[in-house]
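The structure appears below as structure tokens.
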Amino acid sequence: MNKKLAEIFYEIADILEIKKVQWKPAAYRKAARSIENLGEDVKEIYETKGEKDLEEIPGVGEAIAKKIVEYIETGRVKHLEELKKTIPKGVVEMMAVPGIGAKRAMKLYNELGISSVKELEEAAKNHKIAGLESFKEKSEENIIEGIEFMKKRGKRILLGMALPIARKIISELKKREGVKEAIAGGSLRRMEETIGDIDILVVASDYGVVNFFTKMPIVKKVLAKGDTKSSVITKDDIQIDLRIVKPEAFGSALQYFTGNKDHNIKLRDIAIKKNMKLSEYGLFKGSRQIAGKTEEEVYNRLGMEYIEPELRTETGEIEAALKKKLPKLIGYEAIKGDLHTHTKLSDGKNSIDEMAAAAEKKGYKYLAITDHGGKTIQHLNERQLEQEIKEIEKISEKQDIEILKGVEVDIGADGSLSIKDSALEKMDVVIASVHSGFKFPETKQTGRLLKALDNKYVNILGHPTARLIQEREPIKLDLEKIYEKAKERGIALEINSSLDRLDLNSSKAREALEIGCKFAIGTDAHTIEQLNHMGLGVGTARRGWLRKEDIINAQSLNKLKKWLGR
DNA sequence: GCCGTTTTCGGCCCGACTGTTTTCAGTCG
Ligand SMILES: Nc1nc2c(ncn2[C@H]2C[C@H](O)[C@@H](COP(=O)(O)OP(=O)(O)OP(=O)(O)O)O2)c(=O)[nH]1
Ligand SMILES: [Mg+2]
Ligand SMILES: [Mg+2]
Ligand SMILES: [Zn+2]
């Protein structure tokens, strides 16, 4: 629903731009971006809260809220249909080609009668376009390449896949002399669950780094190259944007490059109202730079607290920072143990021993082994769990780290659990997770989970929505009921840190926090290497405004045990 | 169309790169 609505508003924006309407295109685009990034379905908001709450979405006012409601109720937006009649069909489509905007699209239509991307490609290949005023042969080449790029433009990359790639490029850049600092910005630094491109900021006193960058072996194609920035496509079709700044502008440049776009625009607007100007080169009063060396300085001089990168989504963080009411977020180093791991006794790759040693090496105080429990393949039954407990007790004697005896049980279609209560009673930690029945309607799905949460041995609801990023939609749930029940029963909601899960996601975690829930960040590691995915979960938690006190595995072993009621 | 520590009317982010270009539009970050 959100995706579709965003498309509608982007299209309205394009048509209004063709019609040379002022400001509205930007307004519609801002609303479209907000809706696209919402993380909660607008239909959900409208149905559970109402039309007025739609106007709480940044950039959505009365008029756009009405159109959202119209779309939810009728499946169409009349305004768009009317607008479409006023411009030739296909012109909007052509605007999606890189290098073709409203004006050039209209010109192609008016003078050559071209009215689709397909016709545009034909015309370019047959050299019909060069010769038209302000089009040359080079434009034909660019059009053909642009259409090519559109066709194979890949999906966004998972954060967990992008991070190691970025780290590698950054370490290469740091080897080059003159590079004082190199750091990722953009969605990567904000720890968004998917990444459109990799943005890297380099501090250097000379701009020669650009040449070094565009000549790196991984580069396939240079899209743009100037004195201070460059964009390239790598051999595995990932776009990398590089920006070079001098040390005195490091903070303001990092602020700019970290975004997000709407956060930046809002900050710049605040600067204007204070008679200042904010850009990547600094915060200026007249021509005097009054901040720019550090990000903190920039935020402070704008009258607000420093805002952590993960919060920079333009969803209320600026207002909170102005009131100095930002939460103190959970730190990446604050995690004291992993509460969701598997061994080769179920479907993992490593032994209990190896997992415990790896966890200890990470500095953890405790580790829960939570193999799958149940009667099906790659699950441990009650008797096998009993054996696992014995083994853990034996291993515990030679390890400093506390190994918690855990199990991850499946929630059945009727809300029953895959392991008997008499066996659950003997465990330190019980995770209950949905691994089947993803398509149930909302009432059945919600009822099933509520019943599972009523089991008195369950401690954690594992990957609550069961979504897989870009693969599987979240199960249909009345989440508010789930959150309320979890809170009432003293059950933590998991933030599962698998690359393609990150479930709960950040916006849902933020809502659950409002209700007063507690959280467990778990890696769901099936190998010792995957224990390192914890940072993805912490990043997600930070994006959800969570603090140390909200997270059960950021507490000492004693506190955790008390909380687990064991 | 949206929005409010100067505003409910009158503003709306700012700069780099390309090439359509020699003073600027288009696009992108
Ligand atoms: N002030 C300002 N900054 C922008 C604008 N567009 C982008 N930026 C800044 C903020 C972005 O986070 C940063 C990098 O741009 P990207 O296009 O790579 O976006 P981002 O990384 O946020 O998301 P992505 O995952 O790449 O789609 O540049 C803009 O229109 N104005
Ligand atoms: Mg980016
Ligand atoms: Mg970028
Ligand atoms: Zn698991």
Side-chain angles (χ1 to χ4, degrees), chain A residues 9 12-14 16-18 20-34 54-68 79 95-108 129-143 145-146 149 185-187 196-201 207 210 214 222-231 239-245 249 252-253 255-284 302-304 314 318-319 322-323:
Chain A
F9 294 136
I12 291 176
D14 284 346
L16 290 172
E17 192 174 349
I18 290 167
K20 300 192 175 77
V21 176
Q22 294 288 297
W23 309 118
K24 291 194 191 189
Y28 275 104
R29 285 189 184 120
K30 159 141 198 192
R33 281 196 304 276
S34 274
L54 289 174
E55 292 181 35
E56 297 293 301
I57 301 168
V60 175
E62 202 184 324
I64 291 183
K66 273 212 167 69
K67 291 183 180 71
I68 295 173
H79 184 59
M95 285 173 70
V97 177
I100 306 293
K103 289 193 173 146
R104 310 187 80 214
M106 273 313 275
K107 176 168 256 164
L108 288 162
I129 292 173
L132 205 63
E133 192 203 340
S134 78
F135 283 88
K136 294 222 173 85
E137 259 143 58
K138 180 82 190 177
S139 332
E140 291 181 334
E141 258 175 59
N142 287 344
I143 285 169
E145 276 190 13
F149 180 73
S187 46
D197 65 357
I198 294 173
D199 303 290
I200 299 172
L201 179 70
Y207 294 133
V210 177
T214 55
V222 178
L223 296 175
K225 177 169 176 280
D227 288 339
T228 68
K229 70 179 197 177
S230 171
S231 294
Q239 181 170 334
I240 305 177
D241 293 335
L242 183 83
R243 186 72 202 249
I244 320 273
V245 290
S252 46
Q255 190 293 308
Y256 149 72
F257 217 27
T258 299
N260 70 10
K261 174 173 169 155
D262 291 314
H263 176 95
N264 286 359
I265 291 174
K266 184 138 187 168
L267 284 192
R268 289 168 182 216
D269 191 51
I270 289 171
I272 292 169
K273 297 198 166 120
K274 289 183 179 294
N275 252 319
M276 299 190 254
K277 182 180 74 166
L278 176 63
S279 76
E280 58 266 47
Y281 294 106
L283 182 64
F284 294 89
L302 286 172
M304 61 187 88
E314 226 279 90
I318 293 175
E319 290 78 359
L322 284 166
K323 291 188 206 136

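Heavy-atom basis, side chains included; hydrogens, waters and symmetry copies ignored. Owing to the predicted nature of the structure, the values given are computational and were not obtained by experimental measurement.
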Work out how far the [atom1] atom of [N] is from that of [M], and round it to whole angstrom.
{"N": "B/dC9", "M": "B/dC14", "atom1": "P", "answer": "25 Å"}
{"N": "B/dT6", "M": "B/dG11", "atom1": "C1'", "answer": "13 Å"}
{"N": "B/dA25", "M": "B/dT20", "atom1": "P", "answer": "16 Å"}
{"N": "B/dG19", "M": "B/dC12", "atom1": "P", "answer": "31 Å"}
{"N": "B/dG29", "M": "B/dC13", "atom1": "C1'", "answer": "12 Å"}
{"N": "B/dT18", "M": "B/dT22", "atom1": "C1'", "answer": "15 Å"}

Would you say the side-chain atoms of A/E314 and A/N264 include a donor-acceptor pair closer than 3.5 Å?
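Note: A/E314 and A/N264 side chains miss the donor-acceptor criterion.
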
Verify the stacking flag for A/W23 against B/dC2: centroid separation must be under 5.5 angstrom and the ring planes must differ by under 30 degrees.
no

Could you tell me whether [X] contacts a base, only the sugar-phosphate backbone, or nothing, with contacts defined as non-hydrogen atoms closer than 4.0 Å?
{"X": "A/D241", "value": "sugar-phosphate"}
{"X": "A/K266", "value": "nothing"}
{"X": "A/E17", "value": "nothing"}
{"X": "A/L267", "value": "nothing"}

Polar side-chain contact A/Y256-B/dG29 base: donor and acceptor under 3.5 Å
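For A/Y256, whose side chain was compared with the base of B/dG29, there is a donor-acceptor pair (under 3.5 Å).
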
Keeping A/T258 on the side-chain end and A/G186 on the backbone end, is there a donor-acceptor pair under 3.5 Å?
no

Ignoring hydrogens and angles, tell me if any N or O in the side chain of A/E140 forms a donor-acceptor pair with the backbone of A/A130 under 3.5 Å.
yes

State which of B/dG1, B/dC13, B/dT6 makes the closest approach to the side chain of A/A63.
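Closest nucleotide among those given: B/dG1.
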
Per atom distances to the A/I64 side chain, the nearest of B/dG15, B/dC13, B/dG1 is B/dG1

Nearest heavy atoms of [X] and [Y], plus distance in Å:
{"X": "A/K225", "Y": "A/V210", "answer": "CG-CG1, 3.8 Å"}
{"X": "A/R268", "Y": "A/S279", "answer": "NH2-CA, 3.8 Å"}
{"X": "A/A32", "Y": "A/F9", "answer": "CB-CB, 3.9 Å"}

Given atom [atom1] of [X] and atom [atom2] of [N], what is their separation to the nearest angstrom?
{"X": "A/Q255", "N": "B/dG15", "atom1": "CD", "atom2": "P", "result": "14 Å"}
{"X": "A/K261", "N": "B/dC13", "atom1": "NZ", "atom2": "C1'", "result": "9 Å"}
{"X": "A/I265", "N": "B/dG29", "atom1": "CD1", "atom2": "C1'", "result": "11 Å"}
{"X": "A/K20", "N": "B/dA25", "atom1": "NZ", "atom2": "C1'", "result": "13 Å"}
{"X": "A/D262", "N": "B/dC2", "atom1": "CG", "atom2": "C1'", "result": "12 Å"}
{"X": "A/I68", "N": "B/dG1", "atom1": "CD1", "atom2": "P", "result": "13 Å"}
{"X": "A/L201", "N": "B/dG29", "atom1": "CG", "atom2": "C1'", "result": "12 Å"}
{"X": "A/K67", "N": "B/dG1", "atom1": "NZ", "atom2": "C1'", "result": "8 Å"}

Under 3.5 Å, side-chain donor or acceptor atoms of residues 54-65 of chain A against the rest of the protein: list the pairs with distances, not counting sequence neighbours.
unit_1	atom_1	unit_2	atom_2	d
A/E55	OE2	A/K52	NZ	3.3

For the CD atom on A/E319, are there more than 12 heavy atoms of other groups (residues, nucleotides or ligands in this structure) within a distance under 6.0 Å?
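Correct, the count exceeds 12.
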
DNA chain B nearest-nucleotide lookup for A/G61 and A/S231: closer to the 5′ end is A/G61

On DNA chain B, nearest-nucleotide positions of A/E62 versus A/L322: which is more 5'?
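It is A/E62, whose closest nucleotide lies nearer the 5' terminus.
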
Per-nucleotide protein contact string for nucleotides 16-23 of chain B (B base, S sugar-phosphate only, - none; heavy atom under 4.0 Å):
SSSSBS--

Phosphate OP1/OP2 of B/dC28: any A/Q239 side-chain N/O under 4.0 Å
no

Distance check, rounded to the nearest 0.5 Å: A/L283 atom CG versus A/L302 atom CG?
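A/L283 atom CG to A/L302 atom CG measures 5.0 Å (nearest 0.5 Å).
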
Complementary nucleotide for B/dT8 - Watson-Crick or wobble, under 3.5 Å:
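Looking at the geometry, B/dT8 pairs with no nucleotide.
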
